[in-house]
Amino acid sequence: MFDKLLKELKNLDVMKISIPIETDENGFSDRECPDQDCMFLFKVNEEDWTNNFKDEAVFCPMCGYESTSDTFWTTEQVNNAENQAGEFLEGKIHKAMKDDAKDFNRKQPKGGFISMSMNVKGHSPQKLIMPIPSMDIFEQKIQCEKCQSRYSVIGSGFFCPCCGHNSVEQTFSNTINKIEGAINNISTIRTALNDISKDQAEDTCQTLIEKCLLDCVVAFQRYCDVMYSKNESSKPKVPFNAFQKLDVGNELWREILNEGYTDWLTEIEFKRLNILFQRRHLLQHTEGIVDEKYITKSNDTKYKVGQRIIVKEADAIELVNYIKTLTNKIRNRNE
Ligand SMILES: [Zn+2]
Ligand SMILES: [Zn+2]
């Protein structure tokens, strides 16, 4: 009686439903980090995904988590596929039951004393499988310097999803973008917080600006560390935190490039850079309170011992600019 239904159910055992996934206008498809704490969304150039990526290892651009390629579907894609597959199967079973009912009714003897008919209720039309749409394009496109794979992220990406390479250039430019973004947003944040509390607005903005100084120096130090060790004539071992000290860093570069910070910046600029580096040191170690060492090392005549330094947006912008100038020189000289 239920021949068609039974046949259809048997088919389900071997049935594979394939649901196409669309790429965006740039030919990038959506991916998501499988680590539940991260779930970072990113996009990968579909051509590169097919040609360069390996099934056994794909990396999350944000946290570097490594897993097989079939675990990087987005939550959106998985939900969409499950829904479509469910509706598709429902439609197939419903149709088989309707066909069975039709057969059953056809086979009933006409004009008999008892008449039976079977009716399958409900409306479940055969579903067409629709391609899963892609998210809108992401602005930030990145190409891996090592394997050339192209991918796209919102905000920051540190690792190439194809080869896992952690690019010092990428990391540095991410940090600088973040710092510049923060500085540019200070006045908006101040205005927004002023409505709640003027004290809070000032404190929050001050913390943000000071953090820019701290982040700048860390980013610069890390960039120098990696670039210096890449150079074949560099010393095998560089003292810890060497590039946090401008005079030490200046000498290290001079040894291998015959040029240093004092060639790349004017005398006044280098003096200002030194003051900003020393102020960063105070923020890190004395909560910004001026000590004897600071006065000696910075030659800053603005403050006396015991005062607290003031850092303004303009100082942070100035430091970002010096650091960009220096890293540009280091990049060019190392090429
Ligand atoms: Zn991740
Ligand atoms: Zn790569």
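First listed ligand is number 1; within each ligand, the first listed atom is number 1.
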- [ ] Specify whether an N/O/S atom of H165 falls short of 2.8 Å from the Zn ion (ligand 2).
- [x]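 So H165 does not bind the Zn ion (ligand 2) by this criterion.
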- [ ] Assess C144: does it contribute an N, O or S atom lying under 2.8 Å from the Zn ion (ligand 2)?
- [x]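 Of the N, O and S atoms in C144, at least one lies under 2.8 Å from the Zn ion (ligand 2), which means yes.
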Open item on the list: Would you say the ring centers of F243 and W253 fall short of 6.0 Å from each other?
Closed with: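 Aromatic pair counts; centres sit under 6.0 Å.
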Task: Ring center gap for F59 and F159 short of 6.0 angstrom - done: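 No, too far apart.
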- [ ] To the nearest 10 degrees, calculate the angle at the Zn ion (ligand 2) involving SG of C160 and SG of C163.
- [x]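 It comes to 110°.
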Task: Parallel, tilted or perpendicular: ring planes of F277 versus F220, cut at 30 and 60 degrees - done: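 Judged by the thresholds at 30° and 60°, the geometry between F277 and F220 is perpendicular.
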Open item on the list: To 10 degrees, how wide is the angle SG (C38) to the Zn ion (ligand 1) to SG (C60)?
Closed with: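 Angle SG(C38)-the Zn ion (ligand 1)-SG(C60): 110°, rounded to 10°.
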Task: Among R222, Q244, H281, side chain to side chain contact (heavy atoms under 4.5 Å, CB included) partner for V217 - done: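 The option that passes is Q244.
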